[in-house]
Amino acid sequence: MGKPIQTAISPTRAEDYPEWYQQVIKASDLAEKSPVRGCMVIKPWGYALWENIMRTLDGMFKITGVKNAYFPLFIPLSFLEKEAAHVEGFAKECAVVTHHRLEKGPKGELIPAGELTEPLVVRPTSETIIGDSFSKWISSYRDLPVLINQWANVVRWEMRTRLFLRTSEFLWQEGHTAHADKEEAVDRTRLMLDVYARFAEEHLALPVIRGEKSASERFPGAVSTLCIEAMMQDRKALQAGTSHFLGQNFAKASGIRFQSAQETEEFAWTTSWGVSTRMIGGVIMSHGDDDGIILPPKIASSHVVLLPIIRKDDDRRPVMEYTENLARALREKTYGNRQIDVEIDTRDIGGARGWEWIKKGIPLRVEIGPRDIAGNSVFLARRDQSPKEKKSLTREQFIEQIVDILDDIQKNLFDRALEFQKQHTVKIDDKNDFSRFYTPENTEKPEIHGGFALSHWCGEGSCEEMIKEELKVTIRCIPFDAETEAGTCIWCGKPSSKRVIFAKAY
RNA sequence: CGGGACAUGGCUCAGUCUGGUAGAGCACAGCGUUCGGGACGCUGGGGUCGCAGGUUCAAAUCCUGCUGUCCCGACCA
């Protein structure tokens, strides 16, 4: 009884975007909140995404000469104190370990005991501890460059958290490199950003804008910070990856010195770069619809689910046999850098079964019943199309075409996201227009509004700050492809030579 | 860390004002009927009402303290 529900997720994106995001994660079984404040449990369907991200990115790093290593979770407090700007940036969100033992209290409760002489900081990032290693590994220009990456967890004690987008503990990779000259380090910074951009676009189907951060948004201690920025469906920007040129700041703090070919003692030039589980939040918010998430096939937790339709007991045997055979044939095929992953769902829960897989965002659903066996066919539905758009293919056609179909979905998701980004990216030259663009009509509960504004900026931090203060809008980046063009700052009217990207941000 | 709200089964909540046997819907399990557009019936399992004190013959309900969560600010991959 009751009216059929129109969408699988309630509320819809238009009704309440932040709430939609939470509900989508719940419905898709990606992750859940943990009993620990601000932390999350990543469930198998969500962790598979991360595994696929890791596998692909890891390969991309290694092609550029990067090797993996692992550094400690704990950083001596004194290490963190070495770089002034770095301390400034992270001091307010560090978890600190002060004891190394638990003792039974009078009521049997456990009390921390054995105070450490030097407190240990749970890494918020590893520049300082990796720098310490680098200082020991490097003594000659012949030792350079050193190109290291680690896959790890880090902790930043955030005030407000959201699953995947901002959690107190998150998974990421952090690359750290040291070079003999500035030029090479600058090139590496840019190279890794390009790796991220290519990964985001080709694997996550996220169109991104590459650019440089303004001084106020720079990584604490960096000389320059490069980033990729993606537009979510609420038209806010999400920083999906960053690459930092650290100059000699951290080399000086950690004593990374080497003897040059000219026999002089020099400080190394270092870089660091990272992407995190936040990317998954970006995938959810870019591609999801009111029926749940839509996984890009390249990183999808699984590619296709087979749904046997069994009406009578007599059907069971032939339908299951047909299904198992199809699964075997599909698993022999390769898409991207892995074999096709096939799920078989035999649960007898009626139509709810298909909807669960829609909510989980699996790229392809295949229904297999007596009719298909009779016609040697399959009944196929694509997650990037409406749930009703199912069509029949012969078994052979399907096996032959599945890789192309997956690729078509991948491309379609990217094209849609790019179209959306273009639609909501506008050049704005008038201050009033700018304010109007970023002011919701309903201030109580802001509707989806705004987008990326390409506007002139004089380069002054004070303008940036006032814009942030008044409109909650920040400079996301100074795009690499910005053309030199005479104009006036959107805020103060002083002359400016190029446009930057403004947006509300996550 | 400042201002506000809340805490009852896995989830969403009623019951609290006016103290007296712990409730509903959804979810879950079993059986049957179903199944290619989100099924239905019957039966069943599951909660010391956030924690610790106090008042009382009696506390989910009243009082005190604590903890946690959410919303709004300051901070952020």
Side-chain angles (χ1 to χ4, degrees), chain A residues 1-10 18-19 22-23 26-27 32-33 35-38 88-94 107 109 124-125 153-162 164-174 196 213 216-220 225 227-229 238-244 272-282 291-292 307-313 315-316 319 346-359 365-373 375 377-381 386-392 443-445 468-469 472 474 505-506:
Chain A
M1 298 309 277
K3 273 191 271 182
I5 302 161
Q6 299 296 312
T7 58
I9 303 298
S10 164
E19 183 59 23
Q22 306 280 24
Q23 293 305 324
K26 198 182 283 181
E32 62 192 19
K33 287 188 183 162
V36 183
R37 178 198 176 85
E88 179 76 21
F90 286 107
K92 278 171 278 179
E93 49 186 38
C94 284
K107 292 173 209 151
E109 78 280 26
T125 180
N153 58 339
V154 286
V155 169
R156 296 182 187 174
W157 214 260
E158 300 289 351
M159 287 293 127
R160 288 191 62 187
T161 57
R162 295 183 74 186
F164 290 114
L165 294 177
R166 178 168 297 106
T167 45
S168 293
E169 180 192 14
F170 57 95
L171 305 182
W172 78 344
Q173 66 54 225
E174 48 180 324
Y196 289 157
K213 286 292 187 194
S216 69
E217 300 270 334
R218 216 174 265 155
F219 176 76
T225 289
C227 63
I228 52 173
E229 296 281 333
L238 181 80
Q239 178 178 305
T242 48
S243 184
H244 316 290
S272 68
W273 26 276
V275 300
S276 71
T277 35
R278 176 179 241 206
M279 274 189 157
I280 295 172
D291 288 328
L307 304 167
I309 311 284
I310 296 160
R311 297 171 140 201
K312 297 170 293 201
D313 266 351
D315 295 340
R316 183 172 306 276
V319 169
T346 57
R347 289 174 304 163
D348 180 18
I349 54 171
R353 186 175 58 166
W355 281 97
E356 262 188 37
W357 291 100
I358 291 175
K359 287 184 272 190
R365 305 187 305 284
V366 174
E367 293 171 0
I368 297 168
R371 262 183 255 165
D372 303 290
I373 296 178
S377 63
V378 299
F379 207 51
L380 176 72
S386 129
K388 11 178 162 167
E389 260 183 89
K390 301 180 193 173
K391 67 173 181 181
S392 190
T443 45
E444 289 286 302
K445 194 182 151 213
K468 184 176 178 180
E469 187 86 3
K472 304 211 164 78
T474 49
Y506 275 97

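In what follows, chains are A, B, ... by sequence order, proteins preceding strands, each numbered from 1. Hydrogens, waters and symmetry mates are skipped; everything else that's a heavy atom, side chains included, is used.
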Between B:G38 atom P and A:R347 atom CZ, what is the distance in whole Å? 16 Å
Rounded interatomic separation in angstrom, taking CD1 from A:I358 and P from B:G37: 10 Å
Classify the nucleic acid contact of A:F170 as base, sugar-phosphate or nothing, counting any heavy atom under 4.0 Å across all strands shown. base
Tell me the partner of B:C75, counting only Watson-Crick (N1-N3 plus N6-O4 or O6-N4) or G-U wobble (N1-O2 and O6-N3) with both under 3.5 Å; none if nothing fits. none
Spacing of the C1' atoms in B:A77 and B:C66 (rounded, Å): 34 Å
Taking only residues two or more places apart in sequence or in another chain, which ones pass salt bridge (charged side-chain N to carboxylate O under 4.0 Å, His left out) with A:E367? A:K390
Would you give the length of the straight line joining atom CD of A:Q173 to atom CH2 of A:W273, rounded to the nearest 0.5 angstrom? 6.0 Å
A:D372 has a side chain; which of B:A77, B:G36, B:G38 sits nearest to it? B:G36
Between B:U34 and B:G25, how far apart are the C1' atoms? Round to whole Å, please. 23 Å
Contact class for A:G369 (heavy atom, under 4.0 Å): base, sugar-phosphate, or nothing? base
Across every strand shown, the nucleotide meeting Watson-Crick or G-U wobble geometry with B:U61 (both distances under 3.5 Å) is none
Using a strict cut-off of less than 4.0 Å between a Lys/Arg side-chain nitrogen and an Asp/Glu carboxylate oxygen, indicate whether A:R156 and A:E169 qualify as a salt bridge. no
Considering only B:G38, B:G36, B:G37, which nucleotide approaches the side chain of A:K388 most closely? B:G37
Expressed in whole Å, how much space separates the P atoms belonging to B:C63 and B:U16? 14 Å
Look through every strand shown and name the nucleotide pairing with B:U16 as Watson-Crick or G-U wobble, where both distances are under 3.5 Å. none
Donor-acceptor side-chain pairing of A:S272 and A:H244 below 3.5 angstrom: no
Interatomic distance at C1', B:A60 relative to B:G9, whole Å: 14 Å
Rounded interatomic separation in angstrom, taking CG from A:L171 and C1' from B:A77: 13 Å
Polar pairs (N or O, both sides) under 3.5 Å between protein and nucleotides 70-75 of chain B?
unit_1: B:C70; atom_1: OP1; unit_2: A:K33; atom_2: NZ; d: 3.2
unit_1: B:C72; atom_1: OP2; unit_2: A:R160; atom_2: NH1; d: 3.3
unit_1: B:C72; atom_1: OP2; unit_2: A:R160; atom_2: NH2; d: 2.9

Taking B:U56 as the reference, what is the distance to B:U12 when you measure between their P atoms (whole Å, please)? 37 Å
Identify whether any heavy atom of A:T242 sits under 4.0 Å from a base atom; if not, whether one sits that close to sugar-phosphate; answer base, sugar-phosphate or nothing. nothing
Counting only Watson-Crick or G-U wobble pairs whose two distances fall under 3.5 Å, which nucleotide matches B:U34? none
For B:U18 versus B:A27, give the span between their C1' atoms, rounded off to a whole number of Å. 35 Å
Output for pair (A:I228 CD1, A:Q239 CD), nearest 0.5 Å, gives 9.0 Å
Between A:R218 and A:R353, which residue's closest nucleotide on RNA chain B lies nearer the 5′ terminus? A:R353
Measure from CD on A:Q23 to P on B:C11 and round the result to the nearest Å. 13 Å
Base, sugar-phosphate, or nothing: which does A:P370 touch, judged by heavy atoms less than 4.0 Å apart? base
Scan A:K312 against the nucleic acid and name what it touches under 4.0 Å (heavy atoms): base, sugar-phosphate only, or nothing. nothing
For nucleotides 26-34 of chain B, tabulate all protein N/O to nucleotide N/O atom pairs closer than 3.5 Å, reporting atom names and distance.
unit_1: B:U34; atom_1: O4; unit_2: A:D348; atom_2: OD1; d: 3.2
unit_1: B:U34; atom_1: O4; unit_2: A:D348; atom_2: OD2; d: 2.6

How many angstroms lie between atom CD1 of A:I309 and atom CG of A:D372, to the nearest 0.5 angstrom? 8.0 Å
Residues at least two apart in sequence or cross-chain that pass side chain to side chain contact (heavy atoms under 4.5 Å, CB included) with A:E32, listed by chain then number, are A:V41, A:K43
Can you tell me the Watson-Crick or wobble partner of B:U48, both distances under 3.5 angstrom? none
Where each residue is assigned the nucleotide of RNA chain B containing its nearest heavy atom, which of A:K26 and A:T167 is assigned the position nearer the 5′ end? A:K26
Contacts of A:K213 that satisfy salt bridge (charged side-chain N to carboxylate O under 4.0 Å, His left out) - sequence neighbours left out: A:E229
Among the nucleotides B:G36, B:A77, B:G38, which one has an atom lying closest to any side-chain atom of A:Q239? B:A77
Need one value for A:R371: base, sugar-phosphate or nothing, where a base atom within 4.0 Å counts as base even if backbone is also close, heavy atoms only. base
Sticking with atom P, work out how far B:A58 lies from B:G53, rounded to a whole angstrom. 16 Å
To the nearest 0.5 Å, how far apart are CE in A:M279 and CG in A:L171? 13.5 Å
Identify whether any heavy atom of A:L165 sits under 4.0 Å from a base atom; if not, whether one sits that close to sugar-phosphate; answer base, sugar-phosphate or nothing. base
Atom CZ of A:R278 to atom P of B:A77: distance rounded to whole Å? 7 Å
Complement of B:C70, any strand, by Watson-Crick or G-U distances under 3.5 angstrom: B:G4
Hey, are the side chains of A:L380 and A:S392 touching, using non-hydrogen atoms and a 4.5 Å cut-off? no
Think A:K390 has a side-chain N or O under 4.0 angstrom from the OP1 or OP2 of B:G37? yes
A:I309 side chain: which of B:G36, B:A77, B:G38 is closest? B:G36
Find the partner of B:U21: check Watson-Crick (N1-N3 plus N6-O4 or O6-N4) and G-U wobble (N1-O2, O6-N3) distances, both under 3.5 Å, and reply none if neither fits. none
Look up atom CD1 in A:I358 and atom OG in A:S386, then write down how far apart they are to the nearest 0.5 Å. 8.5 Å
Determine the contact category for A:T474: base if any of its heavy atoms lies under 4.0 Å from a base atom, sugar-phosphate if only primed atoms, P, OP1 or OP2 are that close, otherwise nothing. nothing
Please name all residues satisfying ring-ring contact (aromatic ring centres under 6.0 Å, His included) with A:F170, sequence neighbours left out, ordered by chain then number. A:W172
Which whole number of Å gives the distance between the C1' atom of B:C28 and that of B:G47? 15 Å
